[in-house]
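What you see is a predicted model; the values in this text were computed from it and never measured. First listed ligand is number 1; within each ligand, the first listed atom is number 1.
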Amino acid sequence: MNFKSIFQVAVMLLLICAPLMAQNNRLIIESDKGQTTINRHIYGHFSEHLGRCIYGGYWVGENSSIPNTRGIRNDIVEALKDVGIPNLRWPGGCFADEYHWLDGIGPREERPKMINTHWGGVVEDNSFGTHEFLDLCEQLGTEPFISANVGSGTVDEMSKWIEYVTFDGESPMANLRRENGRDEPWKVRFWGIGNETWGCGGNMTPEYYSDLYRHFATFARNYGDNRLYRVAVGANAADYNWTEVLMKNAGHHMQGLSLHYYTVPKDWSDKGSALDFNDEEYFTTIEKTLFMDELITKHGAIMDKYDPNKRIGMIVDEWGTWYNVEPGTNPGFLYQQNTMRDAIVAGINLNIFNKHADRVQMANLAQTVNVLQAVVLTDEEKMILTPTYWVFHMYKVHQNATLLPISFTSNKYKQGNREIDAVSISASKDVNGKIHITLVNADLNTEQKIDTQLLGAKAKKVIGQILTTDKIDDHNTFDNPSKVKVKDFKGASLSNGNFSITLPPCSVVMLELQ
Ligand code: AHR
């Protein structure tokens, strides 16, 4: 072979191989162009009377040997305060539509018992009611979000609940509250008018519910300076017709419209295991998580038609992974373990919510303690923090920060002939002018290099944190509670104010530019 042919072969090889070689991702952040505030309520949580979320979770009772304040576990409160939990949705979920709040006030020993028909058929003794929930919120320093019973309750019942909780003056309900030991009203802005009225909340049509919503919403009163933020039940995943009808018929009467979407790796009859999954199932989990972006975009476009100024918030008040329950546990209790896969799912979802911060005003992970994609798991007196907890811990820097516009095209993560974006990113600037970037590399096998250009500012220093593991199914257990936890991140380096980032496979990273 002469020199010319060697050269030709070399060029050909280069042309064939170039697309196969990993390219660096390129990220541009416009640090002085941010306009939208990331509502801190996007980092909200959801806790239902389900399994061991309330009972055996938060609530241990005043006589428990587990350290508690008025019956509420101190360690859980401390852990949640540390992630800056902005709001807590309660009492359900499906439970909300069979909950009668009057049963949950007054002396505990006199409260009637009921059956929690949705969740395991267990006896609910109503020992955790309105006062206990609002005490929990005060201990957490979080805003309550109460879901009222529309499915099996009445307008009168809901209206009295709001009066009981928020009215300052002389009235039958405000006086009853005082008799029960609480003089001052609470401030409760967020009220959900029903839950999943398309399913467990009454199997209604959108036309029927939108009328019912208007009826209930009329009697959801503002007392004093407590201005209600009324959240109408929104769509189940891709039910775009539901959003259309609700916005058309009842848009003027609502402040928020919800959306529920869970990441279920397989299907509802066999959802897949939390711990035992292969690469293909992992890929599907991430693919299904990314669908959240499409859902918000499409529901958002319908909302834009009726509400171009984006007055009404999209409230994603149930999201997270949903697997088969841990073997040997009550199928009605929805107890599942939480691995690095869940951390990746959380990181991607939160980046998506940030991206849509002009419309998404709140989101609530399902559910905080011992249920579904929990951030806290307990076993008697023991408590562990899950990988998902650490994602919320890293991402709290985005709360109430200004979303920064970014331009980014991700490398692809491939599985057979399917491909998805490997990297998900969000950037914001906080009130002190600090820029934070959260990044997820969902790719199980390939590290991702990102050349980053920062426009409108010069960074002198970049520090960060990382959550990553050797194996995607790594998780924390009561015997090994710190297997998965945040560490300092050293994979970002500065040059001339711009910087390059190397994300290991399967990692969630938070960077702070100084
Ligand atoms: O989070 C568990 C259940 O999922 C909730 O009770 C219900 O609203 C949804 O279907």
Decide side chain to side chain contact (heavy atoms under 4.5 Å, CB included) for Y58 and L136; before the verdict, give the C-alpha distance in whole Å, the side-chain angles of both, and the deciding distance to 0.1 Å.
CA-CA 8 Å; Y58 294 103; L136 169 63; 3.7 Å; yes

Of all the atoms in ligand 1, which lie at a distance below 4.0 Å from a heavy atom belonging to L372?
1 (O), 2 (C)

On a heavy-atom basis, which atom in I296 and which in M314 lie closest, and how many Å separate them?
O-CE, 3.6 Å

Which is closest to atom 9 (C) of ligand 1 in terms of heavy atoms, E48, H118, H260, E318?
E318

Considering only heavy atoms of C94, which atoms of ligand 1 have at least one such atom less than 4.0 Å away?
5 (C), 6 (O), 7 (C), 8 (O)

Would you verify whether the NZ or CZ of R52 falls within 45 degrees of the ring axis of Y335 while also being under 6.0 Å from that six-membered ring's centre?
yes

Using a strict 4.0 Å cut-off to heavy atoms of E196, name the atoms of ligand 1 that fall inside it.
7 (C), 8 (O), 9 (C), 10 (O)

Counting from 1, what ligand 1 atoms have a heavy atom of N195 closer than 4.0 Å?
8 (O)

Taking T388 as the fixed residue, which of T339, T321, L365 is the one that meets the side chain to side chain contact (heavy atoms under 4.5 Å, CB included) rule?
L365

Do R341's NZ or CZ and the ring of Y282 fall within the cation-pi criteria of under 6.0 Å and 45°?
no

Ligand-side contact atoms (ligand 1) for residue partner Q367, heavy atom cut-off under 4.0 Å:
1 (O), 2 (C)

Residue pair N39 / N400, side-chain donor-acceptor N/O under 3.5 Å
no

Could you tell me if any non-hydrogen atom of Y262 lies under 4.0 Å from any atom of ligand 1?
yes

Can a donor-acceptor pair be found, under 3.5 Å and without considering hydrogens, that links the side chain of R177 to the backbone of Y164?
yes

Mind checking whether W119 contacts ligand 1 via backbone (N, CA, C, O), side chain (CB onward), both or neither, at a 4.0 Å heavy-atom cut-off?
side chain

For F46, the ligand 1 atoms with a heavy-atom partner under 4.0 Å come out as 1 (O)

